[in-house]
Amino acid sequence: MPPKADPTKCDGCQGESEPLCEQVCPGNLMTLDKETRKAYCREPGDCWDCMTCTKACPRQAIQTTLQYQIAYFPGKLIPLVGTNSVTWTSIDCHGRVERFVMKTLVSPDDEDED
Amino acid sequence: MAERVYIDADVLILGGGTAGCMAAWEARRTGGEDLKIVIVEKAFIRHSGCLSAGMNALNMYINQGKPEDYVSYARYDMCGAPIREDIMLSVANEVNDTVKIMEESGLPMKKKEDGRYLNRGKWNIEINGSLLKPITAAKAIEARAEIYNRVYITDLIVKDDACIGAVGFGVRDGKFYICRGKVTMLCAGGAAGLWRPNNHGDAHHRIWYFPFNAGSSYAMCKRAGAEMTTFEVRFVPVRTKDTYSPTGTLSIGMGAPMVNSLGQAFMKEDPHYVQWGGHTAPTPIRAYGFQRETIAHRGPVFMDTTKGDPAKVTGIKGQYLDMSPSLVLYWGCNDIDPSKEPVEIDGGDPNIVGAHAGMAGAWTRGTSRETTVGRLYVSGDALGGAPSRFISGSWTCGRITGRSMAQALKANSYDYADLEPALVDALEERTFGPLNNYLGRAKEGLWTDGTLMSGISPKQMEDRMQKIMEEYCGGRTRWYFISEPYLNIARRHIKRMRNDQLQYLCARDLHDLQLAWDVINRLDVCQLVVEHISFRKETRFPGYVLRTDYPEADPDYDCFINSKWDPETDEVVCFKVPYEQIVPGDRRKETI
Ligand SMILES: Cc1cc2nc3c(=O)[nH]c(=O)nc-3n(C[C@H](O)[C@H](O)[C@H](O)COP(=O)(O)OP(=O)(O)OC[C@H]3O[C@@H](n4cnc5c(N)ncnc54)[C@H](O)[C@@H]3O)c2cc1C
Ligand code: SF4
Ligand code: SF4
């Protein structure tokens, strides 16, 4: 699911020395459009769907949908990254919503939780 | 001429992945405060390599028994084939320590009520591994390794049979990087993308292996004159259809067996597979089971998740979100409820890996991790002959390499070698070759669509290579079948591409230059694969390579196949290397 960036949300990471999505992509795929200064994936077919860019975007501008050749429209998966966890919202093609909270790092208060 | 950056390091690490980061950490521990450790990485170290999407399990952990039992398992899982038991044992001895180190570094481990790690099957443990890569990279940062991100390494520098450094280009800055190492470690992963992927267009990279590891490790070792091993053992993934997510999550999490369209759990029921070990048969045999059932018109093949506890589906989705998030959306957008209908599986394009269920890579001396080229070390997927190390084993193998390099520095008086200016100029010309080629050929004219009239793009060359490998070297659409007449055609075309066609390869920009080097390296790996498969005139790993002209295993090939490339003749010369059994017992059985 090659990432798609929403032009109303992406601000090109103004103020950062390098846009965050561009900095993190393991395949060097995210880049800024020279004119609009908004991010896009330069070669959708080369994307591994690792979602690193989607998780890294500070403005939640990047959206994950599946390639139409493998799944029906619409539907999306949205990660919201917290300090020690990520909250995933999956909206399937019928609009059904599922939410998952996954731990990502051991946090200092883990002891109490367990 | 590009601007030049000179880097000197006591320990030069090429590829800041699973193995590379832990090598830096251990080199610091062994080598002391003054050691200068450098990592050169083509992407951004916190999010690069196989771990970039996260993972939900560590597949190597000694939950039970002794390290020797793991070696016996790894051997069994390769159909009793020769493996480097010395190397495997060295990893198995330390893997549990490594996992503890990573837990202390913040990796969330799932635990059972008794406080022990939650196991999945015999040798796996479950984790919340969404941040595996940042946690791994933090170990390299903790070790104060000097890190150069976005530098693509193109070649090693070899002098008098020893590696003295490497060169590459800045993917962002376009500079020429000249690195000297007293010792050098190459750990740039395995090779994806030699064969055609199942999906096309915007899903071209919906493949199992990390597509941005394009065989740099193997190609650079080969070109440096290192002895290579086992390139005939390619890994054929059988995974959830279209998304290539692991099936272990389902087989163990939902108690789901593989079934054919008749509902038969064939691995367990058909004597043909039972003789190989049934549903826990070696990985190549399970891949073969999938293939044989489909070819016999008993497909599609599924993981039958419908008999499991429906309440577990949410937990399963969570596990997939930690490593393969697209599967959850895929189910949602294809109306799949795994508790109500079985999950279809499919075979993917073959991959060349050293640390997963394959064992291609550089041959190493004893347990030093030093290749046959002096002062050149390897680890992770780059190291050959030692399968089933996975993440935890690659961390551990990386640590052992780091330690071995630091010890070698103490024991020897290695120094930086002088680089002759003419050599550096030649390396620079080669590194930027496709970029300069573009500039030159652009003058000869562009078509109205902006493409070159007299040049070939990296994508076009990749397509050609994948077509050749797919059709003549047993791709997925050819059901992985191979025979000598097909190989002869593959050999001819791959040679032609390497020797005659690379002159047309053009890169428009620095991103394209990266793609150009990916295809140059892949073509080198293709040559190794074709020659190794051709040399092993038998079928030892049925699901990986089915030789229709030699369909049975032959005791004459109960050994390693190693090779060396001769730059004068451009031949890959293959030869047999005996196997040494260290862990006693029947090689076709697990000890526990
Ligand atoms: C899809 C998938 C699922 C897996 N699932 C599991 C699992 O559940 N459990 C498990 O234990 N194991 C699993 N594995 C196996 C495990 O991830 C690998 O065996 C291990 O990560 C390999 O480590 P490595 O250091 O060799 O490669 P990597 O970690 O990929 O490191 C290679 C590094 O080299 C860099 N690089 C590449 N080329 C160059 C170049 N030319 N110049 C500079 N840098 C370069 C890359 O960017 C990368 O950072 C899985 C692997 C895959 C692909
Ligand atoms: S990280 Fe987000 S806001 Fe920044 S450039 Fe990328 S898409 Fe735009
Ligand atoms: S999903 Fe991964 S591979 Fe694809 S563009 Fe984003 S960071 Fe790059």
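Chain identifiers are assigned alphabetically (A, B, ...) following the order of the sequence lines, protein sequences preceding nucleic acid strands; residue numbering begins at 1 within each chain. Predicted, not measured: the structure shown is a model, and the values here were computed from it.
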Chain B contact via [X] - which portion, at a heavy-atom distance below 4.5 Å:
{"X": "A:Lys55", "result": "side chain"}
{"X": "A:Gln69", "result": "side chain"}
{"X": "A:Pro74", "result": "backbone"}
{"X": "A:Glu22", "result": "both"}
{"X": "A:Thr52", "result": "side chain"}

Per-residue contact mode, [X] against chain A (heavy atom under 4.5 angstrom):
{"X": "B:Ser324", "answer": "neither"}
{"X": "B:Tyr209", "answer": "backbone"}
{"X": "B:Glu41", "answer": "neither"}

For this session: Verify side chain to side chain donor-acceptor pair (under 3.5 Å) between A:Asp49 and B:His205, making sure each step is shown before the conclusion.
Result: CA-CA 8 Å; A:Asp49 297 348; B:His205 274 170; over 6 Å; no
Say you draw a straight line from [atom1] of [X] to [atom2] of [Y]; how long is it, rounded to the nearest 0.5 Å?
{"X": "A:Glu43", "Y": "B:Leu515", "atom1": "CD", "atom2": "CG", "answer": "8.0 Å"}
{"X": "B:Asp202", "Y": "A:Cys41", "atom1": "CG", "atom2": "SG", "answer": "10.0 Å"}
{"X": "A:His94", "Y": "B:Cys333", "atom1": "NE2", "atom2": "SG", "answer": "8.5 Å"}
{"X": "A:Met102", "Y": "B:Asn56", "atom1": "CE", "atom2": "CG", "answer": "8.5 Å"}

Problem set entry | Trace of the ring pair (Phe, Tyr, Trp, His ring centres under 6.0 Å) decision for B:Phe210 with A:Trp48 | CA-CA 7 Å; B:Phe210 178 69; A:Trp48 194 43; 5.2 Å; yes
Within the structure provided, determine whether [X] and [Y] are in side-chain contact (heavy-atom separation under 4.5 Å).
{"X": "B:Arg46", "Y": "A:Val24", "value": "no"}
{"X": "B:Asp335", "Y": "A:Cys93", "value": "yes"}
{"X": "B:Ile135", "Y": "A:Leu105", "value": "yes"}
{"X": "B:Arg172", "Y": "A:Asn28", "value": "yes"}

Pairs of heavy atoms under 4.5 Å with chain A: top-ranked of [options]:
{"options": "B:Leu132, B:Asn149, B:Asp242, B:Ile127", "result": "B:Asp242"}
{"options": "B:Gly54, B:Pro197, B:Ala53", "result": "B:Ala53"}
{"options": "B:Gly318, B:Ser48, B:Ala43", "result": "B:Gly318"}
{"options": "B:His204, B:Lys111, B:Lys42", "result": "B:His204"}

Exercise. Do B:Arg206 and A:Ile70 pass the side-chain contact (heavy atoms from CB on, under 4.5 Å) test, and can you show the C-alpha distance, the side-chain angles, and the key distance before you say yes or no?
Worked result: CA-CA 10 Å; B:Arg206 248 313 64 245; A:Ile70 68 168; 4.1 Å; yes
Exercise. Would you call A:Asp46-B:Lys459 a salt bridge at under 4.0 Å N-O?
Worked result: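 Salt bridge present between A:Asp46 and B:Lys459.
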Exercise. So does A:Lys76 have more than 12 non-hydrogen atoms from other groups sitting under 6.0 Å from NZ?
Worked result: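 No, because the 6.0 Å sphere around NZ of A:Lys76 holds 12 heavy atoms or fewer from other groups.
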Exercise. Does atom CZ of B:Arg508 have more than 12 heavy-atom neighbours from other groups under 6.0 Å away?
Worked result: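 At most 12 heavy atoms, drawn from other residues, nucleotides or ligands, come within 6.0 Å of this atom.
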For this session: Show your working on side-chain contact (heavy atoms from CB on, under 4.5 Å) between B:Leu321 and A:Leu77 and close with a plain yes or no.
Result: CA-CA 10 Å; B:Leu321 288 172; A:Leu77 185 63; 4.2 Å; yes
For [X] and [Y], work out which heavy atoms get closest and say how close.
{"X": "A:Phe100", "Y": "B:Val328", "result": "CE1-CG1, 4.4 Å"}
{"X": "B:Gly332", "Y": "A:Asp92", "result": "O-CB, 3.2 Å"}
{"X": "B:His511", "Y": "A:Gly27", "result": "CE1-O, 3.5 Å"}
{"X": "B:Leu329", "Y": "A:Ser90", "result": "CD1-OG, 4.4 Å"}
{"X": "B:Gly49", "Y": "A:Pro26", "result": "N-CB, 4.4 Å"}
{"X": "A:Cys25", "Y": "B:Arg150", "result": "O-NH2, 2.7 Å"}

Problem set entry | Short side-chain to backbone donor-acceptor contact, B:Asp322 and A:Thr104, under 3.5 Å |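 No: the side chain of B:Asp322 does not pair with the backbone of A:Thr104.
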